[in-house]
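Quick note: numbers below take in every heavy atom, side chains included, and nothing from hydrogens, waters or symmetry partners. Remember, it's a predicted structure, so these values are computed and weren't measured experimentally.
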Amino acid sequence: MTLASQIRHAVADALMHLYPEVTVNISAITVNQTKPEFTGDYTVVLFPFLKLLRQKPDAIGKQLGDHLVAATGLFSAYEIVSGFLNLSVKDGFWVAFIKDHFTDVHYGENAGANRRVMAEYSSPNTNKPLHFGHLRNIFLGAAVSEVLKANGNEVIKGNLINDRGIHICKSMIAWQRYADGATPESAGIKGDHLVGDYYVKFNDVYKQEVAALVGQGKDEKTAEKEAPIMLEAQELLRKWEAGDADVRNLWQMMNGWVYKGFDVSYKRLGVSFDKVYYESDTYLLGKKLVESGVDKGVLYKKEDGSVWIDLKEEGLDEKLLLRGDGTSVYMTQDLGTAKLKYDDFHLDQSVYVIADEQNYHMQVLKLILKKLGEPCADGIFHLSYGMVELPTGRMKSREGTVVDADDMVSEMVALSKEQTEQSGKTEGFTAEELAQLYETIGLGALKFYLLRVDPKKKMIFDPKESIDLHGYTATFIQYAHARICSILRRENIALTPDPTQFQSFRQTAELSLLERKIILSLEEYPAILADAANEFNPSSICNYSFQLAQLFNTFYDAHSISKAESEEKKHLRLMIIIMTASVLRHAMKLMGIRLPEKM
RNA sequence: GGCCCGGUAGCUCAGCUGGAUAGAGCACCAGCCUUCUAAGCUGGGGGUCAUUGGUUCGAAUCCAAUCCGGGUCACCA
């Protein structure tokens, strides 16, 4: 149990003891960190008790303070300031805490959730390379997966690849027409980029053909429908659905190129998946589910054979589930895939990392499954995140305004190289070590940039401004970590020493304010981690890590460690920085961010 | 129009289960490297927490209305 909640319980016990005639709900007890301008570590707000106890805040505070000091042994002193009871925790508590935990590499992890969860993320289309928006999705999915694991869940990382449909046929037809047999090898570019180039080519040609038809006197709508390249793409889709061997071969070849390209990107990003689903395998699955829904009377058929669900009672609309010709729509295949995932893994929860433009779709998906009585319905959770926009608005791949993911990574790595060289800190590294370091810094900055904001909020990225390596960044945290490692190297102490290392440590000197504050901050890490899992929000971990690194930097500036005023202080501070580095490493690992020992 | 989400410093964002004088980073200004990594530290200026009303001892936080921005409401995915 964290100290804050220990205090909350202690206050509840104290009130029960002091005022047996009244009952105070534990949720009415507010325990906060004491504001820096006052003396103390934690503060109990006294106002909620005034009416209940019919006493003045000072009187309650005095009784409560005296009782807490005497009964718990946790506190050395208290102070009452205008309705707030500020408690000072005994140095002994902090010292015992740091001695107990400073070598625990799993510190902060919470056991007990014990659920099996699938997190689906990335989920790309196969007609173009990954872009900046995918990066937010991927980093968020990967980070949430790790955070859930650290809280005792079994997590299956899933990826549902949208490998079929008109979009890939567009790339296919443009390739057939204009590529002259070009392959990634012959063209010397990544497969996903090559296929994406033909998707762009398709749209260019399409625009020209529409314009030509309009020039011949057709109206816009008709021209859009009759443009030859569009008709050819649709013909390809029909042939694909019919299983035409040539079309399937072309499709397989081009998707193969894309997967190879994606694999290179994923590898560089440091992300992976445990289970990959392909829509070409799953897109027909929902039909049976829908038909059984008709039998049950949950769904209904119109005269033309199309199947619908009526969600007007739920405040929503009527929704189509099968077309008149019996083919599936997007929702149909998602119903099937949801059931498939559940049947494959017996999931307690199924998390979908999908942008907030699909909020309505996901709400309806869950609702339909519930109405169909499918057990997978309850576990469905839409982790809805805001989209990444440019200052000019949304990214549009057709208009070529997307920020490419591979380019972005390369730019960030180049930037970290430039700034490292500028700072003149490249000595003592081999060429490979430097290349590794630039990846660590560049990718770290990128991941942190995308993870540090609340997922729910949309974010605007200006490609003209490069992502900063100063201030609230991964670089800042990496730098604090490297500084700690530098001290430990000098002192010949391992990053994670043997737990017996400072066993004989005895505290006699009073802790400094910064020593207390940094230990207090370390003590709160498990609560932060639990909260991040409950909220599916990694940004709180970024926030916490930055604050901890910042606190360390202040600490580092104010206190010498190697040349501390006494051997006792030196040992205490070593334990503090060992644990600080360890917690930072743990937290950033969950974010997929590595911390270098030297930079 | 219905439903959903957002609006906090010049910019990017914390804080939102109600608690002390609303916090960071960037940018700007002024200091700090013969001492463990200055990618750092210290200090400064900068706010009608969109607006109005309500609940409360207490509201950026909760409720209502309004304004502004975005998303969505396809036999597209």
Side-chain angles (χ1 to χ4, degrees), chain A residues 27 30 32 34-35 37-38 43-48 50-51 57 81-84 86 125 162 164-167 279 283 302 304-308 314-331 333-334 355-361 363-364 384 386-387 389 393-394 416 419-420 422-423 425 441 445 449 452-454 456-462 465 468-480 482-491 539-540 542-544 546-547 549-550 552-564 570 573 577 598-599:
Chain A
S27 65
T30 310
N32 296 326
T34 303
K35 300 254 170 202
E37 52 270 39
F38 302 99
T43 294
V44 182
V45 184
L46 299 172
F47 298 107
L50 303 191
K51 251 189 199 154
V81 184
S82 59
F84 296 89
N86 299 328
N125 291 355
N162 187 3
R164 48 141 239 125
I166 191 70
H167 51 83
E279 280 192 3
Y283 81 108
K302 287 192 178 171
D304 65 354
S306 59
V307 179
W308 297 74
E314 284 78 9
L316 305 172
D317 255 322
E318 286 175 274
K319 187 90 191 165
L320 175 89
L321 296 182
L322 274 183
R323 293 193 186 98
D325 62 7
T327 56
S328 337
V329 292
Y330 180 44
M331 185 60 79
Q333 62 191 16
D334 273 4
D356 59 9
E357 61 179 349
Q358 294 200 40
N359 284 355
Y360 181 73
H361 175 80
Q363 193 189 350
V364 172
S384 166
M387 307 220 276
E389 294 181 9
R394 289 172 68 164
S416 69
Q419 298 211 7
T420 305
Q422 221 172 64
S423 71
K425 291 183 181 176
I441 296 173
Y449 181 84
R452 69 185 190 180
V453 296
D454 188 328
K456 283 200 301 288
K457 296 197 173 176
K458 74 170 181 198
M459 52 191 300
I460 295 168
F461 172 70
D462 190 346
E465 293 168 21
D468 213 323
L469 302 183
H470 300 270
Y472 186 24
T473 63
T475 316
F476 184 98
I477 295 165
Q478 290 169 327
Y479 186 66
R483 279 176 144 182
I484 292 174
C485 293
S486 171
I487 297 169
L488 297 180
R489 259 197 311 277
R490 182 177 286 252
E491 296 294 328
S539 76
S540 54
C542 294
N543 227 303
Y544 169 84
F546 174 68
Q547 279 173 30
Q550 209 174 27
F552 164 76
N553 277 332
T554 304
F555 180 89
Y556 174 90
D557 197 64
H559 297 311
S560 181
I561 293 148
S562 296
K563 291 178 188 153
K570 180 170 172 177
R573 289 173 191 168
I577 66 167
K598 250 166 70 177
M599 66 186 278

>> Between A:Asn553 and A:Phe476, is there a side-chain heavy-atom distance shorter than 4.5 Å?
In response: yes

>> Taking 4.0 Å as the cut-off, does a side-chain nitrogen or oxygen of A:Ser486 come that near to OP1 or OP2 on B:rU37?
In response: yes

>> Can you tell me whether the base of B:rC33 sits syn or anti, using the 90° cut around 0 to define syn?
In response: syn

>> Check this for me: A:Lys570, atom NZ, are more than 12 non-hydrogen atoms of other residues, nucleotides or ligands nearer than 6.0 Å?
In response: yes

> Is the shortest side-chain N/O distance from A:Gln550 to OP1 or OP2 of B:rG25 below 4.0 Å?
Replying inline: yes

> Does the side chain of A:Lys35 get closer than 4.0 angstrom to OP1 or OP2 of B:rU21 through an N or O atom?
Replying inline: no

> Got a donor-acceptor pair under 3.5 Å from the side chain of A:Lys425 to the base of B:rU37?
Replying inline: yes

>> Stacking between A:Phe47 and B:rG58, defined as ring centres under 5.5 angstrom apart with planes under 30°, is that present or not?
In response: no

> Does any non-hydrogen side-chain atom of A:Asp334 lie less than 4.5 Å from one of A:His361?
Replying inline: yes

>> A side-chain contact here means heavy atoms from C-beta on lying under 4.5 Å apart; do A:Phe84 and A:Thr34 qualify?
In response: no

>> By a 5.5 angstrom centroid cut-off and a 30 degree plane limit, is there stacking between A:Phe84 and B:rA20?
In response: yes

> Distance between the C1' atoms of B:rG18 and B:rC11, in whole angstroms?
Replying inline: 30 Å

> Using purine N1 to pyrimidine N3 plus N6-O4 or O6-N4 for Watson-Crick, or N1-O2 and O6-N3 for G-U wobble, both under 3.5 Å, which nucleotide pairs with B:rC62?
Replying inline: B:rG54

> Between A:Tyr556 and B:rG40, do the rings stack, that is, sit under 5.5 Å apart with planes less than 30° off each other?
Replying inline: no

> Taking atom C1' in both B:rU48 and B:rA30, what distance in whole Å separates the two?
Replying inline: 30 Å

> Which part of the nucleic acid does A:Asn86 contact within heavy-atom distance under 4.0 Å: base, sugar-phosphate only, or nothing?
Replying inline: base

